[in-house]
Enquirer: 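For reference, the structure I am asking about is given below.
Quick note: residue numbers are just sequence positions, from 1.
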Amino acid sequence: MTSPNCFPYPYRPGQEDIVRLVRASVHDGQQLVLESGTGTGKTVVSLCAALEGCTDSRRKVIFLTRTKSQQRQIALEARAISSKMDVMCVSMQGRGPTTCPMIENKREFAGGTSEELSKMCSVLKKGNTDAGSCPYFNNLDSDRVEACVSFLRSVHPDPEEFREFCSAAGICPYEASKRMLQYADVVSAPYAFFFIPAIRGHFLEWMGVGERDVVLIVDEAHNLPSYLRDIQTYRVTRHSLDLTMSEADDEGDPEVYSGISVRDIVTLMQEVLRDAQINYLKRDNDLIPSGYLQEELMVRLGMTTFDIRNMLANMVGVGEAVADGKRLNRRLPRSHILTLARFLLNWISCDESSHVYLVSGGDNPALEAYCLDPRDASDVLSQCHSTISMSGTLSPLPYYAQELDLFNPVLSERPSPFPRSNLKVGYVRDVSTKYDEINGEDGTYDRLVDYVIRLVNSVKKNTAVFFPSYSLMQRFIDDNVPAILNREIYYERSDMPQSELMEQTMDFRCSPGSVLFAVSGGRISEGLDFPGKELELAIIVGIPYGRPSAKQDSLIRYCQCRFGDGWNMAVKVPAVRKMRQAIGRLIRSETDRGIAIILDRRVAMMSEIDAEYMVDPVSEVQRFFSSS
């Protein structure tokens, strides 16, 4: 890479300034936090600027994404950049049915975790056991590696095109991608490849670089703090305990300590979970004392903490033996015994200053060590040469920088260059989704339903109805609202596989005048684009505040103690970001037009949402489209 100024398109307003900003930040080794509005072309401007900032160095650009569709966009932009600069882009995705031919048609493997599939692959790659070998790995000789490099440099394929190339060559796309990393200038990957330490170590080794040689771009960075909390949160459920009990019985109930078997541990955990519910649970989730589980283990087993750790280490060994046995028989190497042992080790090793301990109820009760502080996982950001955290909804930027403890960050907000008249946002004053109102007797819920019906039926435009929760969406469905709308309705479900979600959204896009029921903060509102007339009307049903719970209360207290602004950081800012993301689905190009109606009076107090009060939102919607 020797040629600067590699932007492949005519600059739109504001783009050249952003390129200069990102390039300077990369050159100077700074941490940049960038809110860049719709239309600024975040992907291409950040990628070009990062590459220009890396000129004449051995540094590599890692572009982290939340979705596979975003990886495709990076590949397409790298293809365009290649007309100006010699650049090679590799898309790295986790092991799964789409990246491993051996498991593509094996339903048992489809739900395997990356770790489980990696264990399976390691045996097949060695080929010296009864499990056999992997022909797709064996075919990956030096000639095919060279062919892959040539294909990537000449064609600049997107991930799907590279998989098709590998399939035709009879080689494994995952292993081929790994081999390509050392040649790449740009690597796109999911968050997990960089923020989970065990994966990051291998990932950087395959690339042939260390953290100091990395220019890191984090896309949709508003998701990063919650993601980092999630990967440091540990949870066990009643259902998982039942599966562990079944596995213990299948394995002859192995002993893990003197006179203590796996079944004894599972039984104890079931009793502890049940007692915690009885003694502490009053809401969806509630706090339990920080030492509750450790004390219960010591008292009920008559052990010291040292003895418990030894017992759990033995239990890990039992679980690994179970997984190895399955792996050698070409079965998914999953062990529920191993999962439970690791959960308990993680729980008793948690730092009480960064975690709170919870019991939850419902159909599948759980014990959870919830991480409040993302800094342990975000510390790697300071080890990179430069980082660019970017999103269309990152403000207030100081909150993000403080939460991740970024060092001397550069903060910049860049608005969308599109005409403001292309997007109209309004709200009403006679409804809200506050729990006591929507479940009260003043008719709030009925007015919400009436608004949705009248707005949807006011114009025959592709419409998304964004609910604050799946439970409220289900209430609308149970009350037969979809039938009253008399339109083709598509749905986002919380447990919907990605393939089914993509099918639903594709059908919605291709059905003029259809309606999509989705959730603010869900996969549709956060990661999918609907250009042109694919989405023109958005109805935001209420403000997506988290439901009051001990977990939310704990996060508020944590943010109050650390930043002096608990409710805003823990509750308001995430809700505003979710709403802005949903509204942002409407305008994806300079020719798009759309209108969003927020059904909640509380938005009047949110200066971050530029919404106007509408006495008659139905008429406003009709007037907006009649003027186009």
Side-chain angles (χ1 to χ4, degrees), residues 60-65 67-79 81-82 86-106 109-110 112-128 131-194 196 198-209 214 330:
K60 296 193 177 188
V61 177
I62 298 179
F63 204 124
L64 299 181
T65 71
T67 67
K68 292 181 179 179
S69 61
Q70 290 168 312
Q71 284 189 283
R72 181 176 185 273
Q73 184 63 34
I74 295 163
L76 294 178
E77 300 297 8
R79 180 184 301 174
I81 293 168
S82 67
D86 181 18
V87 61
M88 179 171 163
C89 177
V90 174
S91 302
M92 197 70 207
Q93 298 177 346
R95 283 185 176 88
T98 60
T99 57
C100 177
M102 286 290 287
I103 67 174
E104 187 173 6
N105 298 312
K106 293 182 181 293
F109 292 165
T113 65
S114 294
E115 180 184 5
E116 291 165 347
L117 296 175
S118 178
K119 288 180 178 179
M120 188 74 247
C121 287
S122 66
V123 168
L124 297 177
K125 286 191 293 186
K126 292 176 182 176
N128 57 0
S133 63
C134 175
Y136 305 98
F137 175 76
N138 295 337
N139 288 339
L140 194 58
D141 55 22
S142 59
D143 289 341
R144 287 184 174 88
V145 168
E146 288 183 13
C148 287
V149 172
S150 176
F151 180 68
L152 284 166
R153 289 200 180 279
S154 60
V155 178
H156 305 284
D158 65 28
E160 181 61 32
E161 290 167 340
F162 185 69
R163 284 197 297 271
E164 291 173 357
F165 174 84
C166 292
S167 177
I171 59 178
C172 173
Y174 181 85
E175 292 294 331
S177 295
K178 280 173 53 177
R179 300 283 184 91
M180 297 301 101
L181 292 177
Q182 61 181 308
Y183 306 103
D185 306 300
V186 177
V187 178
S188 68
Y191 283 10
F193 274 79
F194 200 78
I196 296 179
I199 300 176
R200 180 174 66 248
H202 294 299
F203 183 47
L204 295 179
E205 181 182 351
W206 300 333
M207 291 179 64
V209 297
V214 168
R330 299 190 76 160

Enquirer: SG of C89 to CD of E77: how many Å apart, nearest 0.5 Å?
Expert: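 It is 10.5 Å, given to the nearest 0.5 Å.
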
Enquirer: Flag the pair I62 / F203 as yes when at least one side-chain heavy-atom distance between them is below 4.5 Å, and no otherwise.
Expert: yes

Enquirer: Under the criterion side chain to side chain contact (heavy atoms under 4.5 Å, CB included), I'd like the reasoning laid out for Y174 against M92: C-alpha separation, chi angles, the key distance, then a yes or no.
Expert: CA-CA 8 Å; Y174 181 85; M92 197 70 207; 3.5 Å; yes

Enquirer: Just by modelled atom types, is the G208 backbone N or O under 3.5 Å from a matching donor or acceptor in the K60 side chain?
Expert: no

Enquirer: A side-chain contact here means heavy atoms from C-beta on lying under 4.5 Å apart; do F194 and L204 qualify?
Expert: yes

Enquirer: State the CD1-CG distance between I171 and N139, to the nearest 0.5 angstrom.
Expert: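 So the CD1 of I171 and the CG of N139 are separated by 8.0 Å.
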
Enquirer: Please assess H202 against K178 for the test side chain to side chain contact (heavy atoms under 4.5 Å, CB included), listing each intermediate value before the final yes or no.
Expert: CA-CA 10 Å; H202 294 299; K178 280 173 53 177; over 6 Å; no

Enquirer: Counting C-beta onward and ignoring hydrogens, is there a side-chain heavy-atom pair between V61 and D185 closer than 4.5 Å?
Expert: no

Enquirer: Would you say OH of Y183 has more than 12 non-hydrogen atoms from neighbouring residues, nucleotides or ligands within 6.0 angstrom?
Expert: no

Enquirer: Restricting to pairs with a member in residues 144-154, which pass side-chain hydrogen bond (donor to acceptor under 3.5 Å, both in side chains), not counting sequence neighbours?
Expert: D141-R144

Enquirer: Can you tell me how far apart CH2 (W206) and OG (S177) are? Round to the nearest 0.5 Å.
Expert: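 W206 CH2 to S177 OG: 10.0 Å, rounded to 0.5 Å.
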
Enquirer: Quick one: pull up CD in E164 and CD in E160 and give me the separation to the nearest 0.5 Å.
Expert: 4.5 Å

Enquirer: Give the minimum heavy-atom separation between F193 and G94, together with the two atoms involved.
Expert: CE1-N, 3.8 Å

Enquirer: How many angstroms lie between CD in E161 and CG in L152, if you round to the nearest 0.5 Å?
Expert: 11.0 Å

Enquirer: Do Q71 and D158 make a side-chain contact, defined as non-hydrogen atoms from C-beta onward lying under 4.5 Å apart?
Expert: no

Enquirer: Going from CE on M207 to CD on E205, what distance comes out if it is rounded to the nearest 0.5 angstrom?
Expert: 12.5 Å

Enquirer: Could you tell me whether the side chain of R95 reaches within less than 4.5 Å of the side chain of C121, counting heavy atoms only?
Expert: yes

Enquirer: Indicate the atoms forming the closest heavy-atom contact of A75 with P157, along with that distance.
Expert: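 Smallest interatomic distance, heavy atoms only, reads CB-O, 3.6 Å.
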
Enquirer: If the plane angle is over 60° it's perpendicular, under 30° parallel, otherwise tilted; pick one for F165 and F162.
Expert: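 Rings of F165 and F162: parallel, as their planes differ by under 30°.
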
Enquirer: Apply the test side chain to side chain contact (heavy atoms under 4.5 Å, CB included) to residues V145 and M180: give CA-CA distance (whole Å), side-chain angles for both, the deciding distance (0.1 Å), then the verdict.
Expert: CA-CA 8 Å; V145 168; M180 297 301 101; 3.7 Å; yes

